[in-house]
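Notes for the one structure printed next.
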2 protein chains.
Amino acid sequence: MDIRTVCLGLLTFGEATGYEIKKLFEDGCFAGVFDASFGSIYPALTRLAEEGFVHGRAEAQEGRPDKKVYSITERGRAYFIQELSRGVAPDHVRSEFLIAMIFAHLLPGGIADAYVDERIAECRKAIDFLNETAQSPHTRIPNMQFTIGLGLATTRAAIAYMEANRHLIDDTTPARLGAATA
Amino acid sequence: MDIRTVCLGLLTFGEATGYEIKKLFEDGCFAGVFDASFGSIYPALTRLAEEGFVHGRAEAQEGRPDKKVYSITERGRAYFIQELSRGVAPDHVRSEFLIAMIFAHLLPGGIADAYVDERIAECRKAIDFLNETAQSPHTRIPNMQFTIGLGLATTRAAIAYMEANRHLIDDTTPARLGAATA
DNA sequence: GGAGTCATGTAACAAGTTACATGATTCG
DNA sequence: CGAATCATGTAACTTGTTACATGACTCC
């Protein structure tokens with residue numbers, strides 16, 4: 001699924017500007033699920049408008065560029081539902097953290113260990129964030145609670161596992177030694 | 001981290017051809033962590049060879065194109081360790097499944113439910129695969145056991161959560177009804 | 001005065017995918 | 001006889017990022 005389609009989906013929750021969509025990818029309910037830069041969001045919205053899937057309304061502002069507030073059209077909504085009904089592609093994951101863990105035995109002492117520390121801290125932040133999000137009004141629908149709950153369950157499992165098994169990383173032989181004995 | 005660097009990392013485990021690297025991304029220990037197509041693997045290896053990070057040896061075969069077996073050089077190994085020591089970027093995730101769950105309330109009855117079925121089946125397959133991988137000889141190093149164990153822990157948590165909470169998805173109001181009451 | 005927020009947009013670039021080209025062998 | 005496996009490589013294309021351009025206002 002491309003960014004265009006995801007933007008369309010976001011607009012089913014209500015109107016938004018490109019700037020607001022970007023923030024939803026960063027701190028909103030899409031954090032950790034999808035991400036996109038301004039350089040892809042703005043052209044995506046422009047094209048959606050050309051195709052008649054959204055409608056852009058310019059809102060004048062003082063001392064700032066006009067705000068372009070987009071709202072989804074009936075056609076857009078139908079198209080989004082159709083796209084989402086066609087099936088879901090496998091997850092696309094690219095985790096530098098996991099790669100670092102796979103090759104942890106090559107890293108000089110302390111580095112992989114620090115990566116685990118960082119990761120645990122990030123997971124804790126993610127849990128706080130998910131708990132907050134679960135309270136916000138538009139996540140009251142059951143499928144949102146499901147999605148947030150799934151994130152909480154897997155993140156908690158990750159923390160518990162890492163805390164219980166991080167000695168497997170600490171014990172890693174430093175790189176130079178590993179190369180010498182190979 | 002780009003594909004080039006990950007290919008370099010794979011070669012620290014021993015020599016391999018482009019074809020074999022592709023298989024490692026699909027069924028090997030990198031399944032679910034990273035993925036790449038031939039169109040990016042072959043050029044990556046060519047460039048790594050030009051840069052002196054790997055050495056390519058052509059092996060003649062009957063009735064088939066020459067096999068190019070790549071092995072990592074000392075420079076390549078040093079470069080890879082240096083790159084991996086510079087820190088890890090945040091995970092890059094793009095999950096159509098999670099997007100489908102977020103918008104499940106828009107989908108016609110039964111579809112989101114089927115997606116959950118599929119997902120649980122995939123998770124079970126992933127667990128079988130991880131258990132097999134944990135037995136193979138070159139995953140005996142502790143950090144590999146850690147990585148595999150982390151995958152098992154989070155995947156099991158995901159299955160358990162989905163089985164216990166999938167009613168939140170089943171209960172979803174069909175799309176047309178949802179639109180009418182909005 | 002510098003950083004951060006709000007706000008949009010484009011051009012140059014990077015990265016990676018898909019499809020094509022080639023071709024023998026083996027398995028069902 | 002078709003599909004899968006083994007095996008490499010390139011060109012066209014898609015997608016998306018980074019950096020730049022513009023500009024005011026507010027907080028420290």
Side-chain angles (χ1 to χ4, degrees), chain A residues 1-8 11 15-28 30 33-51 54 56-70 83 89-96 99, chain B residues 1-8 10-11 15-28 30 33-51 54-70 83 89-96 99:
Chain A
M1 188 171 332
D2 55 11
I3 286 175
R4 221 172 101 256
T5 312
V6 179
C7 287
L8 197 53
L11 294 174
E15 28 172 64
T17 65
Y19 192 85
E20 285 163 355
I21 288 175
K22 167 80 166 140
K23 281 205 302 184
L24 283 171
F25 283 139
E26 277 165 10
D27 324 306
F30 278 78
V33 176
F34 222 86
D35 193 21
S37 61
F38 284 129
S40 52
I41 292 170
Y42 286 124
L45 290 170
T46 306
R47 218 185 116 189
L48 285 169
E50 281 164 9
E51 293 166 321
V54 303
R57 163 174 56 82
E59 216 169 76
Q61 294 192 121
E62 285 166 45
R64 273 179 204 176
D66 283 7
K67 202 192 252 190
K68 271 200 198 160
V69 186
Y70 291 92
E83 282 299 297
D91 282 6
H92 192 264
V93 179
R94 195 156 276 196
S95 173
E96 288 198 13
I99 290 181
Chain B
M1 188 170 331
D2 55 12
I3 286 175
R4 222 173 99 256
T5 312
V6 180
C7 287
L8 198 52
L10 280 181
L11 293 174
E15 27 173 64
T17 67
Y19 192 84
E20 285 163 355
I21 288 176
K22 168 80 166 140
K23 282 205 303 183
L24 283 171
F25 283 139
E26 278 165 8
D27 324 307
F30 278 78
V33 176
F34 222 85
D35 193 21
S37 61
F38 285 128
S40 51
I41 292 170
Y42 286 124
L45 289 170
T46 307
R47 218 185 116 191
L48 285 170
E50 281 164 10
E51 293 166 323
V54 301
H55 176 251
R57 163 173 56 83
E59 216 168 77
Q61 295 192 122
E62 284 165 47
R64 274 180 202 173
D66 283 6
K67 203 191 250 188
K68 271 199 197 159
V69 186
Y70 291 92
E83 281 300 297
D91 281 7
H92 191 265
V93 180
R94 193 156 278 194
S95 173
E96 287 197 15
I99 290 182

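Everything numeric in this text was worked out from a predicted model, so none of it was measured. In what follows, chains carry the letters A, B, and so on, assigned in the order in which the sequence lines appear, proteins first and then strands, with residues in each chain numbered from 1.
Atoms CD1 and CG, from A:I99 and B:L10 in turn, are 8.5 Å apart once rounded to the nearest 0.5 Å. Rounding to the nearest 0.5 Å places CG of B:D35 at 5.5 Å from NZ of B:K22. Rounded to the nearest 0.5 angstrom, B:Y42 OH and B:T17 OG1 are separated by 6.5 Å.
We find that CG of B:D66 is positioned 15 Å from P of C:dG23, with the value rounded to whole Å. Atom CG in A:L48 sits about 16 Å away from atom C1' in C:dG9, given to the nearest Å. A:D2 places its CG atom 12 Å from the P atom of D:dT17, with the value rounded to the nearest Å. Here the C1' atom of nucleotide D:dT15 and the CZ atom of A:R94 are 13 Å apart, to the nearest Å.
A:K23 comes within contact range of the sugar-phosphate backbone alone, with a heavy-atom separation under 4.0 Å but no base atom that close. Within the 4.0 angstrom heavy-atom criterion, only backbone atoms of the sugar-phosphate kind lie near A:T17; the bases stay farther away. B:R4 comes within 4.0 angstrom of nothing in the nucleic acid, heavy atoms only.
Here the side chain of A:S37 is nearest to one of D:dT18, C:dT17, C:dG9, namely D:dT18. Set against C:dG16, D:dG9, D:dC6, the side chain of B:S40 has C:dG16 as its closest nucleotide. Listed nucleotides C:dT17, D:dG9, C:dT8 differ in distance to B:I3; the shortest reach to its side chain belongs to C:dT17. For A:Q61, taking side-chain heavy atoms from C-beta onward, the closest of the listed nucleotides C:dA7, D:dG16, C:dT8 is C:dA7. Distance from the side chain of A:A36 is smallest for D:dT17 among the nucleotides D:dT17, C:dA7, D:dG9.
Contact between A:A36 and A:I3 at its shortest, heavy atoms only, is CB-CD1, 3.4 Å.
Look at A:Y42 and you won't find any side-chain N or O under 4.0 angstrom from OP1 or OP2 of C:dG9. The phosphate of C:dT8 (OP1 or OP2) has no side-chain N or O of A:K68 nearer than 4.0 angstrom.
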